[in-house]
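Structure first, then comments.
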Amino acid sequence: MIPISSYLVVSALLFVTGAIGVLIRRNALIMLMSLELMLNAVNLSFVAYARMLNDVGGHVFVFLNITVAAAEAAVGLAILLTIYRTKATVNVDDLNLMQH
Amino acid sequence: MFVDFLIVLMKAGVVIFALLNLAGLLTWAERKQSAIMQDRIGPNRANIGGITAFGLLHPLADGIKMIFKEDFIPQGANRVLHTLAPAAALFPALVVFAVIPFGDVLIIGGKEISLQVANLNVGIVYIFAIASLSVYGTMLAGWASNNNYSLLGGLRASSQMISYEVSMGLSVLGLLMIYESAQLNVIVQQQGELLFGFLPKWGIVLQPLAFLLFVTAALAENKRVPFDLPEGESEIIGYFVEYSSMKFGMFFLAEFVEIVVISGLVTTLFFGGWQFPYLQADGFHWPFALGVLHLPHGLVVLMQVGSFTLKVLLGCWILLIIRWTLPRFRYDQVMRLGWKMMLPLALVNLLVTAIVILLVT
Amino acid sequence: MEVFLFWIFAIVSVACGVMVVLHRNPMNSAIYLVVTMLCLAGLYILLMGAFIAVIQVLVYAGAVMVLMLFVIMMLNLREETLRREGRPAVWVFAGIIGFIVVLRLARLFPDAPADLAMAPDFGTIEAVGSQLFAQYMLPFELTSVLLLIAIIGAVILGKRTTP
């Protein structure tokens, strides 16, 4: 049998990977995808704890979390499309209108 | 434990064997049916030693031809995705059949075998989850061909598919509310009960509008006529223009397997699945308390499986007839139908079902 | 059997998660993310969350990632504009720090076995639904408002304003 801490270690690894992706990558699309990876890691830890504490409330929260992530992905991608139409780049380092 | 695993494996093997063979037969049936409807003979040349067998050797000839053709990957295309896309298109079509029951419990030597590969608690939601995965095969095929026109075809096809997934899911919710369960074997068993004493409670009797919406949405998901502008045989470049030999064969086969799957789903949800009218587990129970006719167990199971097969075949035949009767929709008409007509209708159906259930109970 | 499945799902999901972050082309990253989400759905099934597993496949892998793939295809980035980001030293340093963070976190995880007592209908549609519509009704209604706002926002932002 697999102890619950194994699932939590997988969740921690995915979360840290997503965080590194958001911080180091400069391509806006990959930053959004790393953000989704972090949300997925949190969902996994919620489901693991729900199993341990025998509480379905964890599953309900994962359901709502997936919904919020979907809404955020939609709006984030729409913003990205608008930026691409005006500045023709998806690199967040180039989105700098301030004076040097 | 090991015997259970072996039984599940055997059931899965039987289901996939039947599905693939039926899909192959459907290619022949489509050509013969279209020939009959258009007053010509159809394919009858493929023969073995002079015996043509009504053109039944043509699926075999098609398969051999496709295997022997040259298999190329266009220059500059993404090799992994180009090879992966046909598999991603065929996999969801085959896997959906895992939750469809094709018979009641079969008792062999004291061991009960339920004639359903996997009895999931989340049966119907599983079907929609796997159907939503079938968009990937189309999109990846359009992208991985390194061809502007096939990319546009892939985008057309996938936006049509995701538009009609919504209506497909909403139209089945009314059924979920009536039968109060998402498990498909419970739904099929509840369709054996009688309404007003003589009418079987099939899905089409209780939810006719949902039946029409579901069949239309499933046809649009499958990209069949009248919704086949993404492939658009002779008008416009489709998303599998850069595919040849067995990869194209897999797309072709996936489309026909999906016809069988649509027919199986419609049978299970709306036409009573394996239910034969008035047939219970121990024989016929005639309505109006006319009596009971007892039958042996093997014969009952055989009649149930036969009834399911007959209904699926009838459904496939009707879908083939629809293809050769209707002209194809324009793309903006397809989108308008999906979002502005079918989605409100599905919501109205849900509302009316809820009100009726509230008034009846 | 369960041990075998857990190791396969865990290793594939972490490996594909790392590939999401490392790849140059957003298209390949998106495909790896889809595989990660499918492996996570497998892990949810191992944790007796059948409903959440199919919802993950239906919503996340089947709709959100399709949306992202759509946008990636529409943007159609050329190969020259995709630069290799971050010097290798930065990646190695980040990897080491991340690993240390995971090790420190692992010390805090509870020591519970996996075959704990649970309700017979744990994770089924009925269980999640009865909690969602009774106790968590307010968050449910609020997320419906949130989705409406997101739809309106995405449509307005995505419209092409013809000059």
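All chains are named by letter (A, B, ...) in the order of the sequence lines, taking the proteins before the strands, and each is independently numbered beginning at 1.
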Which residue pairs satisfy the side-chain hydrogen bond (donor to acceptor under 3.5 Å, both in side chains) criterion with at least one member in residues 35-48 of chain C, sequence neighbours excluded?
none
Just by distance, do the side chain of A:Arg85 and the backbone of C:Gly158 share a donor-acceptor pair under 3.5 Å?
yes
Under a 4.5 Å cutoff for heavy-atom pairs, which residue among A:Leu13, A:Leu44, A:Thr67 has the most contacts with chain C?
A:Leu44
Segment of A:Ser6 engaging chain C (4.5 angstrom heavy-atom cut-off):
both
Residue among A:Leu14, A:Val75, A:Ile24 with most heavy-atom pairs under 4.5 Å to chain C:
A:Ile24
Enter the distance from C:Leu22:CG to A:Ile20:CD1 here, rounded to the nearest 0.5 Å.
9.5 Å
With a 4.5 Å cut-off on side-chain heavy atoms, are C:Pro110 and A:Tyr49 touching?
yes
Could you measure the distance from the CZ atom of A:Phe63 to the CG atom of C:Leu132? Nearest 0.5 Å is fine.
5.5 Å
Relative to chain A, which segment of C:Leu67 carries a heavy atom at a distance below 4.5 Å: side chain, backbone, both, or neither?
both
Most heavy-atom pairs under 4.5 Å with chain A, out of C:Trp7, C:Phe70, C:Phe109, belong to C:Phe109
Part of C:Ser130 lying under 4.5 Å from any heavy atom of chain A
neither
Under 4.5 Å from any heavy atom of chain A - which part of C:Ile149
neither
Under 4.5 Å heavy-atom distance to chain A, tell me which part of C:Val3 shows up: side chain, backbone, both or neither.
both
Applying a strict 4.5 Å limit to non-hydrogen atoms, the region of A:Ile30 in contact with chain C is side chain
Tell me, please, which residues at least two apart from C:Phe9 pass ring-ring contact (aromatic ring centres under 6.0 Å, His included).
none
Spacing of C:Met27 atom CE and A:Leu29 atom CG [to the nearest 0.5 Å]
11.5 Å
Checking A:Glu72 against chain C: side chain, backbone, both or neither under 4.5 Å from a heavy atom?
neither
Among A:Leu80, A:Val10, A:Leu77, A:Ile79, residue most engaged with chain C (heavy-atom pairs, under 4.5 Å)
A:Leu77
Side chain to side chain, C:Gln131 and A:His59, heavy atoms closer than 4.5 Å:
no
Would you mind checking which part of C:Val90 comes under 4.5 Å of any heavy atom in chain A, side chain (CB onward), backbone (N, CA, C, O), both or neither?
both
Interface residues of residues 51-61 of chain C facing chain A - non-hydrogen atoms under 4.5 Å apart
C:Phe51, C:Ile52, C:Ile55, C:Gln56, C:Val59, C:Tyr60
Under a 4.5 Å cut-off applied to non-hydrogen side-chain atoms, are A:Val22 and C:Val21 in contact?
no
Between A:Leu81 and C:Met74, is there a side-chain heavy-atom distance shorter than 4.5 Å?
yes
Report the residues that fulfil ring-ring contact (aromatic ring centres under 6.0 Å, His included) with C:Tyr136, sequence neighbours left out, ordered by chain and then residue number.
none
Name the option with the most non-hydrogen atom pairs under 4.5 Å to chain A; the candidates are C:Leu46, C:Leu105, C:Val101.
C:Leu46
Considering only heavy atoms and a distance below 4.5 Å, find which of C:Ala10, C:Gly153, C:Ala30 pairs most often with chain A.
C:Ala30
Given that the side chain runs from C-beta out, which part of C:Ala63 has a heavy atom under 4.5 Å from chain A: side chain, backbone, both or neither?
neither
Within the 4.5 Å heavy-atom criterion, are C:Leu146 and A:Val68 side-chain neighbours or not?
yes
If you count heavy-atom pairs under 4.5 Å between each of A:Asn40, A:Val16, A:Leu37 and chain C, which one has the most?
A:Asn40
What residue in C:Leu47, C:Thr143, C:Leu40 has the most heavy-atom pairs under 4.5 Å with chain A?
C:Leu47
